[in-house]
Amino acid sequence: MPEGPSIVILKELAAPFAGKKVLEVSGDAPIDLERLAGQKIIAFKTWGKHLLICFKQFTVRIHLMLFGSYSINEQTKPRVRLGLTFAKGELFFYACLVKIIDEPLSEVYDWSADVMNQAWDRRKARAKLKQEGDRMICDVLLDQNIFAGSGNIIKNEVLFRSRIQPESLVSAIPPKKITALLTEVVKYSFEFLHWKKENTLKKHWQAHTKKICPRCDIPFVKKYTGKNKRRSFFCTNCQELYE
DNA sequence: GTGAATGTTAACAG
DNA sequence: CCTGTTAACATTCA
């Protein structure tokens, strides 16, 4: 469950533990677990697909990757990567990457690159796109330095909604289309958040995993596109190829 | 049972 | 040294 909006949901579910002290730590994460014991959680934050558990002197970064999961108050998987026990309640993470960040977060993260963050800066994103003109838009939409939080679902939905063929060269896309794309990335990310909470995310997919274009009824193309060769679903009729 | 998938990084080859 | 490919991780679902 790991695109940006899903991590925002995780942050919201974990929020009741903010301000609480970690009484016990468990799990097989390759970090010094004892550092967390007895420490109070200051806040939960997210940057893109990262969940950040903030303590006074350091931060624990959780990345769910493809298969990671979590549970609250009950252990649902046999192998715990990181488990935090509080006076009331527990927080479990499974099959994820865990890392301790000792630097201040402001040195590590550019909040303006996070599509879900209030500090998201579309002008900066546009400037970065200018630097990446020779790349395909399908690759750039997965670049966490430009669109932190965007993943393959968001990529496919945003490209369909802004009617751009995934293999389009960034430099060849007209500025107005770029504007539409930047708007749609944020818009769809928050719709993703809303629909995910409602459990209707899949129902609202217009392109991702789809076989037929809902706009013109012809078959979608399924193709592994770009340098990263992630699957793209697109309509050759509705989505223009710029090159 | 098989293979692919909402992801990323480290190791390796050339 | 730089670039591109492959493996690894580990879970769920079609």
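Just the heavy atoms: all of them, side chains too, but no hydrogens, waters or symmetry mates, feed the values below. Letters go in sequence order (proteins before strands), and every chain restarts at 1.
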Would you mind reading off the distance between A:R231 atom CZ and C:dC13 atom P, rounded to a whole angstrom? 15 Å
Quick one about A:S232 and A:K155 (side-chain donor to acceptor, distance below 3.5 Å, no hydrogens or angles considered), yes or no? yes
Between A:R122 and A:T183, is any side-chain donor less than 3.5 angstrom from a side-chain acceptor? yes
Heavy atoms from C-beta onward define the side chain here; which of C:dA10, B:dT6, B:dA5 lies closest to that of A:R81? C:dA10
A:F67 atom CZ is separated from B:dG3 atom P, nearest whole Å, by 15 Å
Which of these nucleotides, B:dT6, B:dA5, B:dT8, is closest to any side-chain atom of A:H63? B:dT8
Looking at C:dG4, which nucleotide sits across from it as a Watson-Crick or G-U wobble partner, both distances under 3.5 angstrom, or is there none? B:dC12
Take A:L52 and A:F44 through the side-chain contact (heavy atoms from CB on, under 4.5 Å) test and state the conclusion after the steps. CA-CA 6 Å; A:L52 303 166; A:F44 291 94; over 6 Å; no
Would you measure the distance from the C1' atom in C:dG4 across to the matching atom in B:dT6 and give it in whole Å? 25 Å
Can you tell me how the ring of A:Y109 sits relative to the ring of A:H50, calling it parallel under 30°, perpendicular over 60° and tilted otherwise? perpendicular
Could you state the CE-C1' distance from A:M65 to C:dA7, rounded to the nearest angstrom? 13 Å
When A:K202 and A:R79 are each assigned the nearest nucleotide of DNA chain C, the 5'-most assignment goes to A:R79
Residue met sooner reading DNA chain C from 5', once A:A95 and A:K229 are mapped to nucleotides: A:K229
Taking C:dT12, B:dT6, C:dG4 as options, the one with an atom nearest any side-chain atom of A:K227 is C:dG4
With the side chain of A:I153 defined as its heavy atoms from C-beta on, choose the nearest nucleotide among C:dT11, B:dT6, C:dG4. B:dT6
Would you tell me if any nitrogen or oxygen in the side chain of A:K49 comes within less than 4.0 Å of OP1 or OP2 on B:dT8? yes
From OH of A:Y224 across to P of B:dT6 the rounded distance in Å is 8 Å
Whole angstrom value for the distance that separates C1' of C:dG4 from CG of A:D139: 13 Å
Just the rounded figure in Å: distance from P of B:dT6 to CG of A:N228. 11 Å
Should A:K99 be listed as having a side-chain N or O under 4.0 Å from OP1 or OP2 of B:dT9? no
Under 3.5 Å, is there a donor-acceptor pair between the side chain of A:T59 and the main chain of A:F55? no
Rounded to the nearest Å, what distance is computed from the CG atom of residue A:L142 to the C1' atom of nucleotide B:dA5? 14 Å
Would you measure the distance from the P atom in C:dA10 across to the matching atom in B:dA11 and give it in whole Å? 16 Å
Whole angstrom is fine here: how far is it from OH in A:Y94 over to C1' in C:dT12? 16 Å
Span that lies between the P atom of C:dA7 and that of B:dG3, in whole angstrom: 15 Å
